[in-house]
Amino acid sequence: MANKVRTRFAPSPTGYMHIGNLRTALYAWLLARKNGGEFVLRIEDTDQERYVEGAVELIYKTLADTGLTHDEGPDIGGDYGSYIQSQRRNIYAKYAKDLVERGGAYYCFCDKERLDQLRAVQEASKVPPKYDGHCSRLSAEEVEAKLAAGVPYVIRQKIPREGTTSFHDEVFGDITVDNATLDDNVLLKSDGLPTYNFANVVDDHLMHITHVIRGSEYLSSTPKYNLLYQAFGWALPVYIHVSPVMKEAGRKLSKREGDASYEDFIGKGYLKDAIINYIALLGWSPGLEQDIFTLDELAALFDISGISKSPAIFDINKLNWMNGEYIRKLSLDEFTAMAMPYYREAVKREVNYNALSALLHDRTEKFSDIPEAVDFIDALPEYDNELYVNKKMKTTAESSKSALEAVLPVMERIGEWDQAQLHDALSALIEQMGVKNGQILFPLRVAMSGKKFTPGGGVELAALLGKDESIKRLKKAIQKLS
RNA sequence: GGCCCAUUGGUCAAGCGGUCAAGACGUCGGCCUCUCACGCCGGAAACAUGGGUUCGAUUCCCAUAUGGGUCACCA
């Protein structure tokens with residue numbers, strides 16, 4: 001390949017990173033890295049009304065966090081800046097006028113009233129709304145006169161009235177549409193800024209983008225972009241359109257429900273690597289029987305042919321599992337560091353956090369599960385004696401009571417209160433009594449926690465709680481069973 | 001509604017004319033075990049429907065159904 005692969009991620013600064021958008025960025029990044037090419041970041045802020053404070057910073061932060069590093073962009077520069085569209089307005093105006101001269105566009109002076117009226121009539125007669133080409137029929141003199149008189153204008157694309165336009169997409173194949181179905185869209189708005197339809201073509205060309213990766217919602221306007229490239233006499237990029245990520249059949253992931261953005265997931269205790277790994281496989285498959293991949297592995301494996309055409313439903317179950325896989329790969333220290341905010345949220349008592357982490361490490365799917373799992377540490381919850389009844393352990397309220405009564409003096413005698421001592425002492429007791437482990441240890445676990453399920457068993461919980469608290473809970477349990 | 005596109009288990013998906021139709025998540029059963037989880041073993045579960053083409057269709061073509069996208073001075 002003579003030309004270096006150059007891809008771009010061109011988000012508009014909306015204030016949050018939609019997971020589908022992030023996936024598009026990931027694919028663009030992967031394609032560039034796979035081919036030793038370049039990945040550029042461009043901010044599409046031509047809609048001034050949608051400007052959101054801090055949104056651009058969020059984009060930088062997300063890309064940096066996830067490791068999708070860009071080679072060119074507003075914050076680091078590059079040979080084809082500016083990388084912020086609102087700062088390129090002169091460029092678009094120049095090209096728009098150039099296009100008018102080439103016959104690919106025309107000035108339009110229609111005001112909002114006329115446009116609204118036109119649309120109303122079309123809707124009433126059940127005709128698809130479309131600009132009627134009114135201003136395309138203006139003579140050069142009329143245009144000059146209006147321009148001179150300072151009448152506000154936009155520049156519209158001039159679509160051939162007949163014929164068809166075709167393009168090739170790497171995932172969807174060849175697509176052909178009738179030009180008659182295409183509208184003379186606005187290219188340059190009356191505020192002098194371009195619409196997306198125009199800016200993306202001009203910028204992709206000027207920035208030497210070779211592969212355009214974007215959502216399939218742009219599929220239907222791609223013929224218009226092709227017409228633009230043709231009118232300018234520019235080379236076409238390779239098109240790669242990807243289908244959307246759905247929440248469930250018929251429903252998109254939504255911002256409102258707080259389940260759509262990267263920040264939402266991070267906030268819920270998901271690991272960035274797990275998120276990236278999961279979304280990489282949502283709509284793309286390397287065709288291997290492996291599902292855990294590092295970014296580097298993905299970059300080596302990525303191939304357009306693995307992108308699927310149909311929309312993919314986001315499966316939170318699978319993300320949970322994958323997040324658990326990543327959590328288990330953390331070292332105990334890393335786990336503790338990441339879990340700390342959640343520990344502090346739920347545990348005020350003094351405990352050995354490393355010991356706690358050892359219990360939680362294999363049992364945590366996402367960090368936000370931690371508070372609920374450790375809520376018994378600060379305060380023994382109210383519980384029912386029914387908890388002591390367990391068929392598999394062959395325990396009853398009565399057997400539990402005598403078990404705990406036997407445990408009490410043993411525990412009181414333990415000097416060095418740690419897991420090993422507790423284990424040895426209780427094992428000795430069990431052997432001496434000639435019963436199964438569960439007969440003693442299961443009731444102890446319930447007495448320590450008051451919960452049906454806990455991270456770790458009786459010995460571990462007692463070690464964690466400390467001698468005083470353990471004895472206190474033990475006595476309380478015996479009393480409760482009496 | 002017009003136009004464009006898609007359709008393999010509940011979900012992600014492999015498959016690219018001949019397979020007992022992979023794998024993963026989830027689910028179910030079992031083992032391990034001081035509960036739960038982790039781990040391990042095993043099970044159930046799919047080619048939307050109807051026509052063609054072909055010796056042979058999940059794979060190719062056409063309908064139907066369902067789903068997605070798009071029809072802005074938003075991107």
Side-chain angles (χ1 to χ4, degrees), chain A residues 10-12 14 44-47 49-50 108 110 112 115 119 126-130 152-156 169 171-173 175-178 180-183 185-191 193-197 199-200 214-223 241 243-244 246 248-250 252 278 281-292 305-306 308-322 324 328 359-365 373 387 390 392-393 423 426-427 430 436-446 449 451-461:
Chain A
S12 45
T14 56
E44 308 227 335
D45 61 344
T46 56
D47 185 358
E49 290 175 17
R50 282 220 250 169
C108 174
C110 294
K112 192 165 181 302
L115 260 20
R119 185 163 308 148
K126 297 247 168 56
V127 178
K130 203 178 151 193
Y153 67 90
V154 300
I155 290 180
R156 285 184 184 274
D169 180 86
V171 353
F172 287 93
I175 292 175
T176 300
V177 298
D178 287 327
T181 64
L182 271 21
D183 197 1
N185 286 128
V186 170
L187 264 22
L188 201 69
K189 299 184 273 189
S190 53
D191 65 0
L193 283 168
T195 59
Y196 170 84
N197 299 122
N200 92 82
R214 55 161 65 128
S216 62
E217 65 267 27
Y218 295 105
L219 216 39
S220 58
S221 39
T222 299
H241 287 93
S243 285
M246 310 290 293
E248 53 191 59
K252 290 179 105 168
Y278 178 70
L281 265 23
L282 233 202
W284 173 73
S285 167
L288 302 175
E289 290 188 8
Q290 176 185 339
D291 23 45
I292 303 295
S305 66
S308 77
K309 299 186 192 63
S310 35
I313 294 170
F314 195 97
D315 184 1
I316 193 71
N317 256 328
K318 192 156 183 174
L319 206 216
N320 285 342
W321 163 77
M322 196 172 274
R328 273 168 241 130
L359 296 182
L360 254 16
H361 193 191
D362 282 351
R363 293 173 234 256
T364 304
E365 267 193 336
L387 275 188
N390 186 296
K392 199 174 138 206
M393 294 299 115
H423 179 82
L426 290 170
S427 292
I430 287 164
K436 304 272 279 183
N437 284 339
Q439 280 289 309
I440 304 298
L441 269 11
F442 180 80
L444 175 62
R445 193 191 62 78
V446 174
S449 68
K451 295 183 76 170
K452 199 167 168 90
F453 310 122
T454 49
V459 172
E460 288 152 322
L461 296 188

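Letters A, B, ... mirror the listed sequences (proteins, then strands); counts begin at 1.
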Sidechain-backbone polar pair: A:Gln439 side chain, A:Leu441 backbone, donor-acceptor under 3.5 Å: no
Sugar-phosphate only, base, or nothing, as touched by A:Lys126 at under 4.0 Å among non-hydrogen atoms: nothing
Spacing between A:Met322 atom CE and B:rU11 atom P, to the nearest angstrom: 18 Å
Opposite nucleotide pairing with B:rC74, Watson-Crick or G-U, both atom distances under 3.5 Å: none
Residue pair A:Arg214, A:Asn200: steps toward the side-chain contact (heavy atoms from CB on, under 4.5 Å) verdict: CA-CA 11 Å; A:Arg214 55 161 65 128; A:Asn200 92 82; 3.0 Å; yes
Complementary nucleotide of B:rG10, counting Watson-Crick and G-U pairs under 3.5 Å: B:rC25
Euclidean distance, atom CG of residue A:Leu426 to atom C1' of B:rU35 [Å, nearest integer]: 16 Å
Sugar-phosphate only, base, or nothing, as touched by A:Leu219 at under 4.0 Å among non-hydrogen atoms: nothing
Whole-Å gap separating C1' (B:rC34) and CZ (A:Phe442): 9 Å
Backbone of A:Asn317 reached by a side-chain donor or acceptor of A:Asp315 within 3.5 Å: yes
Given RNA chain B, 5'-ward residue of the pair A:Ser285 and A:Gln290, judged by closest heavy atom: A:Ser285
Length of the NZ-P vector between A:Lys309 and B:rU7, whole Å: 6 Å
Atom-to-atom span, CD1 of A:Ile175 to P of B:rU70 - whole angstrom: 14 Å
Polar side-chain atom of A:Lys392 near backbone of A:Gly438 as donor-acceptor pair, under 3.5 Å: no
Any N/O pairs under 3.5 Å between the protein and nucleotides 71-75 of chain B? List them or say none.
unit_1, atom_1, unit_2, atom_2, d
B:rC73, O2, A:Ser190, N, 3.0
B:rC73, O2, A:Ser190, OG, 2.9
B:rC73, N3, A:Ser190, OG, 3.1
B:rC74, OP2, A:Lys189, NZ, 3.0
B:rC74, O2', A:Asp47, OD2, 3.0
B:rC74, O2', A:Arg50, NE, 3.4
B:rC74, O2', A:Arg50, NH2, 2.8
B:rC74, O2, A:Arg50, NH2, 2.8
B:rA75, OP1, A:Thr46, OG1, 2.5
B:rA75, OP1, A:Asp47, N, 3.3
B:rA75, OP1, A:Lys189, NZ, 3.0
B:rA75, OP2, A:Tyr196, N, 2.9
B:rA75, O3', A:Glu44, OE1, 2.8
B:rA75, O2', A:Ser12, OG, 3.3
B:rA75, N3, A:Tyr218, OH, 3.0

Nearest-Å distance for atom pair CE/P, residues A:Met246 and B:rG68: 5 Å
Nearest-Å distance for atom pair CG/C1', residues A:Asp169 and B:rU70: 15 Å
Who pairs with B:rU59 - Watson-Crick or G-U, where each distance is under 3.5 Å: none
Pairing partner (Watson-Crick or G-U wobble, both distances under 3.5 angstrom) of B:rU53: none
Any strand: nucleotide that pairs with B:rC3 via Watson-Crick or wobble, under 3.5 Å: B:rG69
Polar atom pairs between nucleotides 25-33 of chain B and protein, under 3.5 Å, N or O only, would you list them?
unit_1, atom_1, unit_2, atom_2, d
B:rC25, O2', A:Asn317, O, 3.4
B:rC25, O2', A:Lys318, N, 3.3

Polar side-chain atom of A:Ser243 near backbone of A:Lys309 as donor-acceptor pair, under 3.5 Å: yes
For B:rG39, the Watson-Crick or wobble counterpart (both distances under 3.5 Å): B:rC31
Sugar-phosphate only, base, or nothing, as touched by A:Gly283 at under 4.0 Å among non-hydrogen atoms: sugar-phosphate
Touch class at under 4.0 angstrom, heavy-atom based, for A:Ser308 against every strand present: sugar-phosphate
So which protein N/O to nucleotides 58-60 of chain B N/O distances come out below 3.5 Å?
none

Inter-nucleotide P distance (B:rA6, B:rC41), Å rounded: 40 Å
Integer-rounded Å distance: B:rA14 P and A:Trp284 CH2: 11 Å
Touch class at under 4.0 angstrom, heavy-atom based, for A:Met393 against every strand present: sugar-phosphate
